Amino acid sequence: MKKIIYSITLFTILVLGTSCNKWLDLEPRDGITKQEFWKTKEDVLAAVSGCYASLLASPPNVSDRSLLEYMFVFGELRADMVSPGPSMVNEEFNIINVNTTPDNSFTKWAAFYRTINYCNTVIQEAPAVKSTDPTFTDAALNAYVAEALTLRSLMYFYLARTFGAVPLKLTATTKDTDLLDLAKSTQAEVLNQIVIDLKKAEQGAVTSYGNTRTDKGRVTKFTVNAILADVYLWMEKYPECLAECEKIISSQRFAYVGANSNWFNTVFFRGSSVETIFEFDQTIENPFYNLLVRAQRRYIGSPFLVSDVFVPDDIDPDNIYDIRAASFYNAAFTIQKFGTENPSFVKWQAYRISDIQLIKAEALALTGDGAGALVIVDDLRTRRNAVDPNPKPIIDPADKEAVCDYILAERAREFAFEGKRWFDLLRHAKRNNYSRIDILLDMVSRTVQPTLQQSAITKFRDPNSHYLPIFQDDLFADPKLVQNPFYTK
């Protein structure tokens with residue numbers, strides 16, 4: 001174990017850059033070379049472990065927010081389920097009010113590219129270890145590369161949905177001569193590369209590591225299938241999406257945890273539950289305590305939660321209630337989904353079986369099986385003791401938009417504060433050439449301050465505004481980068 005920890009540290013140093021104005025400047029420090037590291041299969045495992053560790057914390061001596069905080073901000077701040085807390089800063093208010101500019105530090109993407117570079121390094125350097133370690137099998141190599149390909153794909157999926165067009169770098173940066181000025185690839189090009197990589201990863205990924213915690217905290221074939229299903233849904237490739245969902249569901253390895261008082265602790269606090277497909281599971285101090293829990297927290301739950309999301313039963317609210325509501329936030333709208341103690345440890349749920357079932361439901365609805373979609377949603381609602389409104393709406397299974405709205409509403413309840421809400425809203429809004437732009441325009445009244453609402457509506461009518469700008473320092477560092485079109489006006 002000590003050797004692995006040392007190797008992880010060495011790997012981090014190996015690909016950690018000194019200060020420079022390059023957004024992807026990740027050169028090795030003096031005295032550390034890759035020839036000293038890539039010798040054994042244990043080195044490869046350490047490098048893969050470093051990829052996972054980078055999901056939750058920045059490397060030593062790097063002054064930046066954690067990647068997980070960016071994932072939360074990218075997926076929640078522009079949506080409608082969080083509100084400003086006592087310590088929200090002006091840059092965050094600007095994002096909420098659809099007034100983001102290229103000097104906003106929350107538009108930095110370096111944390112994602114650090115993890116991408118760690119993954120690139122594994123993909124590039126691991127094959128040569130077979131020549132120095134005869135015990136390193138093809139199966140082990142393929143499995144490690146599959147993990148790196150999958151994590152890289154997840155990072156690019158976040159970047160493509162957040163920024164639209166982004167630089168696509170598929171080779172490692174480990175020395176000065178690897179530094180490149182990169183132009184952006186279109187969102188479609190990035191998504192197509194993700195599909196290619198995930199299909200390759202599926203061939204090498206393992207089905208199980210032999211123990212539950214590792215199966216949940218590291219990439220398996222089912223992680224690959226889950227991300228592919230999500231990507232295909234975004235790309236509006238519904239038959240392909242359904243095929244990936246079915247691989248997970250038919251495995252019978254995942255199921256809902258019972259609707260009782262232990263549900264939250266089982267799934268989120270202890271983690272590694274039968275619901276979980278992939279979770280970020282590292283003993284890293286919880287970055288959400290300062291964001292969500294302490295008195296000077298930056299975010300709280302939105303009043304929208306009570307008025308529209310977790311509406312209480314109007315007859316017997318003490319005994320009839322959705323098990324998710326009290327687990328996710330309290331009466332003061334403090335978001336407690338990631339724990340309230342300090343320090344605590346993250347069990348960030350990247351994908352659960354409920355995600356796959358609702359992805360399947362959405363794809364079914366959009367391919368003409370609204371009845372099948374409604375069965376899936378109503379089953380989840382039963383499992384969570386969801387409260388029915390009074391009167392309960394009657395949804396026509398043939399009405400695709402009504403069924404999709406029903407699914408979207410349930411996703412809000414199921415994945416509250418998990419960094420998915422903005423992407424869910426945008427996916428529904430952009431479908432069929434933005435036939436549901438009203439979803440974003442209606443949201444403005446719940447999120448933007450009244451004096452800026454008309455301006456925000458005008459901006460949201462331009463699809464280019466749905467993607468964040470490239471941070472100005474990254475533009476200055478790479479002459480081939482061009483600012484996203486909405487921010488050049």
Side-chain angles (χ1 to χ4, degrees), residues 81 226 229-230 233 238-239 241-264 266-268 273-277 304-317 319-328 349 351-416 418 420-421 424-425 427-428 431 436 439:
M81 297 186 69
D230 208 359
L233 188 66
Y238 305 122
C241 172
L242 289 169
E244 298 303 323
C245 291
E246 191 55 34
K247 292 175 184 177
I248 298 169
I249 296 167
S250 65
S251 75
Q252 299 185 340
R253 291 172 178 264
F254 309 96
Y256 293 127
V257 173
N260 54 50
S261 59
N262 291 323
W263 171 76
F264 176 81
T266 299
V267 176
F268 296 94
S273 78
V274 70
E275 285 196 7
T276 300
I277 298 169
F304 175 65
L305 295 168
V306 173
S307 63
D308 290 77
V309 181
F310 295 104
V311 180
D313 183 72
D314 56 4
I315 297 175
D316 189 7
N319 294 299
I320 302 175
Y321 56 88
D322 193 313
I323 64 169
R324 295 169 291 194
S327 299
F328 294 172
Q349 300 291 309
Y351 288 98
R352 302 196 303 281
I353 189 61
S354 54
D355 207 346
I356 300 309
Q357 291 285 11
L358 291 179
I359 287 174
K360 178 181 177 180
E362 193 172 323
L364 285 175
L366 293 166
T367 52
D369 188 3
L374 292 174
V375 168
I376 290 173
V377 179
D378 288 339
D379 178 55
L380 176 61
R381 289 177 57 76
T382 299
R383 307 276 188 162
R384 304 301 195 224
N385 288 343
V387 177
D388 289 326
N390 187 21
K392 184 177 179 179
I394 299 174
I395 300 174
D396 180 0
D399 186 341
K400 291 182 180 180
E401 296 306 333
V403 176
C404 284
D405 286 345
Y406 190 55
I407 296 167
L408 181 61
E410 198 58 37
R411 287 189 65 88
R413 281 180 280 275
E414 181 68 10
F415 307 115
E418 292 186 32
K420 296 180 184 283
R421 179 61 172 169
D424 284 345
L425 293 169
R427 185 181 65 254
H428 282 262
R431 192 170 56 239
R436 293 300 311 277
I439 291 173

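What you see is a predicted model, and the numbers here were worked out from it, not measured in a lab. Each residue takes its place number in the sequence, starting with 1.
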message = Quick check for you: to the nearest 0.5 Å, what is the distance between Ser273 atom OG and Trp263 atom CH2?
response = 9.5 Å
message = List the residues meeting side chain to side chain donor-acceptor pair (under 3.5 Å) with Gln357, not counting sequence neighbours, and say none if there are none.
response = none
task = Check side-chain contact (heavy atoms from CB on, under 4.5 Å) between Val311 and all other residues, then give those that pass, not counting sequence neighbours.
result = none
inquiry  = Nearest 0.5 Å, please: how far is CD1 in Ile277 from CD1 in Ile353?
reply    = 5.0 Å
For residues 248-256, tabulate all N or O donor-acceptor pairs below 3.5 Å that involve a side-chain atom, not counting sequence neighbours.
| unit_1 | atom_1 | unit_2 | atom_2 | d |
| --- | --- | --- | --- | --- |
| Ser250 | OG | Glu246 | O | 2.6 |
| Ser251 | OG | Ile248 | O | 2.6 |
| Ser251 | OG | Arg253 | N | 3.3 |

request  = Return the set of residues passing side chain to side chain donor-acceptor pair (under 3.5 Å) with Asp379 (not counting sequence neighbours), or none when no residue passes.
outcome  = Arg383
query = Once you round to the nearest 0.5 Å, how far does CG of Asp230 lie from CD1 of Ile359?
reply = 4.0 Å
request  = Please list, chain by chain and in numerical order, all residues satisfying side-chain contact (heavy atoms from CB on, under 4.5 Å) with Ser261, sequence neighbours excluded.
outcome  = none
request  = Report the residues that fulfil salt bridge (charged side-chain N to carboxylate O under 4.0 Å, His left out) with Asp388, sequence neighbours left out, ordered by chain and then residue number.
outcome  = Arg381, Lys392
remark   = Sorted by chain and residue number, the side chain to side chain donor-acceptor pair (under 3.5 Å) partners of Arg411 (sequence neighbours excluded) come out as Asp355, Asp424
key: Closest contact, heavy atoms only, Leu364 versus Ala373   = CD1-N, 4.1 Å
task = Would you indicate whether the side-chain heavy atoms of Phe415 and Arg421 approach each other to under 4.5 Å?
result = no
Ignoring hydrogens and angles, write down the donor-acceptor pairs under 3.5 Å from the side chains of residues 398-408, residues two or more places apart or on other chains.
| unit_1 | atom_1 | unit_2 | atom_2 | d |
| --- | --- | --- | --- | --- |
| Asp399 | OD1 | Glu401 | N | 3.3 |
| Asp399 | OD1 | Ala402 | N | 3.2 |
| Glu401 | OE1 | Arg431 | NH2 | 3.1 |
| Glu401 | OE1 | Arg436 | NH1 | 2.9 |
| Asp405 | OD1 | Arg436 | NH1 | 3.1 |
| Asp405 | OD1 | Arg436 | NH2 | 3.4 |
| Tyr406 | OH | Asp378 | OD1 | 2.6 |

note = Residue set satisfying salt bridge (charged side-chain N to carboxylate O under 4.0 Å, His left out) with Arg384, at least two apart, ordered chain then number -> Glu275, Glu414
query = Looking at NZ of Lys420 and CG of Leu425, how far apart are the two atoms once the value is rounded to the nearest 0.5 Å?
reply = 13.5 Å
ask   = Under 4.0 Å between a Lys/Arg side-chain N and an Asp/Glu carboxylate O for Arg324 and Glu410?
value = yes
key: Closest non-hydrogen atom pair between Asn385 and Ala259, with its separation   = ND2-CB, 3.9 Å
query = With side chains defined as the heavy atoms from C-beta onward, is the minimum distance between Ile315 and Ile320 less than 4.5 Å?
reply = no
key: From NZ (Lys247) to CD1 (Ile356), nearest 0.5 Å   = 12.0 Å
query = Can you name the residues that form a side-chain contact (heavy atoms from CB on, under 4.5 Å) with Ala371, not counting sequence neighbours?
reply = Asp369, Pro397
ask   = Excluding sequence neighbours, so at least two apart, what forms side chain to side chain donor-acceptor pair (under 3.5 Å) with Asn319?
value = Asp316
note = Here the gap from Lys360 atom NZ to Leu242 atom CG, rounded to the nearest 0.5 Å, amounts to 7.5 Å
key: Aromatic plane relationship, Phe328 with Phe310 - under 30° parallel, 30 to 60° tilted, over 60° perpendicular   = perpendicular
remark   = On a heavy-atom basis, the closest approach of Ser354 and Leu380 is CB-CD1, 4.2 Å
query = Is the number of heavy atoms from other residues, nucleotides or ligands within 6.0 Å of OH (Tyr321) greater than 12?
reply = no
